[in-house]
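Comments concern the structure below.
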Amino acid sequence: MQTVLITGCSSGFGLETARLFLERGWKVVATMRTPRDGILPPSEHLRILPLDVTDAASIHAAVQAAGPIDVLVNNAGFGAMSVFEALSMDSARDLFETNTLGTMAMTQAVLPQFRERGQGVIVNVTSIVTARPFPLISAYAASKAAVDMFSASLALEVEPFGVRVKLVQPGRSPTTSFGANAKARTLGGIPDAYAGFAQQEFAGMSADAPVTHAPDVAEAVWRAATDPSAPLRIAAGADAVALAASA
């Protein structure tokens, strides 16, 4: 029986991915900053561990507690909307610390066991916003674009050791808490000079258009983890698939 370690499982994409892998007979190590009982069905194949991907000691403890794993899913992260002019550098650093450096740190923590065994899969969940530019998310998009290029380069380094690296790129997902949290994290506010522009953009986000649902992402992660022929980048969700095709 294979084992997957998934970060950011408290809700949304991570929670749905953990549920899917459990249903399909895998051992699941579901991690989150603050573990909560009852969010996943009871199973002898499930472990819930605390993990803060920005804390080296927390990463070490979680990886040690998890033991040997076959797949790492780097899903932990947060979204934020901001006019760049109003964005503090501390806020930008927070985004990169979690979304980019957290992914890198988790990857570095598990790579030795994958390399030594000559097998393993790393799945990094980024975003389709890296396929083309969007306003009000410049720092967030940059943090995810950095993971895209990191993953593409890393894939070349570890391929000789039998280790695969894949990217899952979801679209906009209003049915999860991610989008709402991103809108709530309007870092620095919206300066008056940008108010009209921002209002227009927010209105467009509410329009009736294809979106991404958590099961779309879970299925894409499953494919990335289990299909050796899968491409490096896998779009997840109707809107993401359309954007990837037009990029």
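Bear in mind that the values here come from a model prediction, so they are computed numbers and not experimental data. Throughout, residue positions are numbered sequentially from 1 according to the sequence presented.
For M89, the CE atom counts as densely surrounded, since its 6.0 Å shell holds more than 12 non-hydrogen atoms of other residues, nucleotides or ligands.
Checking side-chain atoms of T7 against main-chain N and O of N75 turns up a donor-acceptor pair under 3.5 Å. In this structure, the side chain of D70 does not engage the main chain of G120 through any donor-acceptor pair within 3.5 Å.
Within the structure, every pair that satisfies the salt bridge (Lys or Arg N to Asp or Glu O under 4.0 Å) test and touches residues 42-65, not counting sequence neighbours, is listed here: R33-D52. Pairs of residues two or more places apart, or lying in two chains, that qualify as ring-ring contact (aromatic ring centres under 6.0 Å, His included) and include a residue from residues 23-55 are F21-W26, W26-W222. Among pairs with a residue in residues 223-232, those fulfilling salt bridge (Lys or Arg N to Asp or Glu O under 4.0 Å) read R223-D227, at least two apart in sequence or across chains. Under the side-chain hydrogen bond (donor to acceptor under 3.5 Å, both in side chains) criterion, the residue pairs touching residues 230-242 are T212-D239, with sequence neighbours excluded. Every pair tested for ring-ring contact (aromatic ring centres under 6.0 Å, His included) that includes a residue from residues 224-246 fails, sequence neighbours excluded, so the list is empty. Pairs engaging residues 18-28 under the salt bridge (Lys or Arg N to Asp or Glu O under 4.0 Å) rule: E16-R19, R24-E219 [sequence neighbours left out]. Residues in residues 151-161 take part in these side-chain hydrogen bond (donor to acceptor under 3.5 Å, both in side chains) pairs, two or more places apart or across chains: N124-S151. Legend: salt bridge (Lys or Arg N to Asp or Glu O under 4.0 Å) pairs involving residues 72-95, not counting sequence neighbours, sorted by first then second residue: D90-R93.
Under a hydrophobic-cluster definition in which Ile, Leu, Val, Met, Phe, Trp and Tyr are linked whenever side-chain heavy atoms come within less than 4.5 Å, directly or via other members, I234 and F13 are assigned to different clusters. No continuous path of ILVMFWY side-chain contacts below 4.5 Å connects V221 to V241, so the two sit in separate hydrophobic clusters. When hydrophobic clusters are built by joining Ile, Leu, Val, Met, Phe, Trp and Tyr residues whose side-chain heavy atoms come closer than 4.5 Å, directly or via intermediates, V217 is grouped together with V123.
I69 shares a hydrophobic cluster with L5, V29, L49, L51, V53, I59, V63, L72, L101, M104, M106, V110, L111, F114, I122, F150, L154, V158, F161, V163, V165; the chain of contacts runs through ILVMFWY side chains whose heavy atoms sit under 4.5 Å apart. Other members of a hydrophobic cluster containing F96 are absent, since no ILVMFWY side chain comes under 4.5 Å of it, directly or through relayed contacts.
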Would you mind writing out the side-chain donor-acceptor pairs for residues 129-138 within the sub-3.5 Å range, not counting sequence neighbours?
unit_1: T130; atom_1: OG1; unit_2: S127; atom_2: O; d: 3.0
unit_1: T130; atom_1: OG1; unit_2: D148; atom_2: OD2; d: 2.6
unit_1: T130; atom_1: OG1; unit_2: Q169; atom_2: NE2; d: 3.3

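At least one side-chain heavy atom of L22 sits less than 4.5 Å from a side-chain heavy atom of L46. With contacts defined as side-chain heavy-atom distances shorter than 4.5 Å, the pair H213/V211 qualifies. The shortest distance between side-chain heavy atoms of P170 and V125 falls below 4.5 Å. Side chains of Q199 and I190 form no contact here, defined as non-hydrogen atoms less than 4.5 Å apart.
For the pair S82 and L87, the tightest heavy-atom approach, listed with the atom from each and the gap, is OG-CB, 3.6 Å. L40 approaches A30 most closely through the heavy-atom pair CD1-CB, 3.9 Å. Of all non-hydrogen atoms in T100 and A146, the two that sit nearest each other are CG2-CB, 3.8 Å. When all heavy atoms are compared, the tightest approach of G171 to A240 is N-CB, 3.6 Å. Here the shortest heavy-atom pairing between G14 and C9 reads O-SG, 3.7 Å. Taking each heavy atom of P68 and R117 in turn, the nearest pair found is CB-NH1, 4.0 Å.
To the nearest 0.5 Å, atom CG of residue L167 and atom NZ of residue K144 are 10.0 Å apart.
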What verdict does the side-chain contact (heavy atoms from CB on, under 4.5 Å) test give for N99 and V147, after you've listed the backbone C-alpha separation in whole Å, the side-chain angles of each residue and the deciding distance to 0.1 Å? CA-CA 8 Å; N99 294 354; V147 176; 5.6 Å; no

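Every side chain to side chain contact (heavy atoms under 4.5 Å, CB included) that P112 has, sequence neighbours left out, goes to R115, E116.
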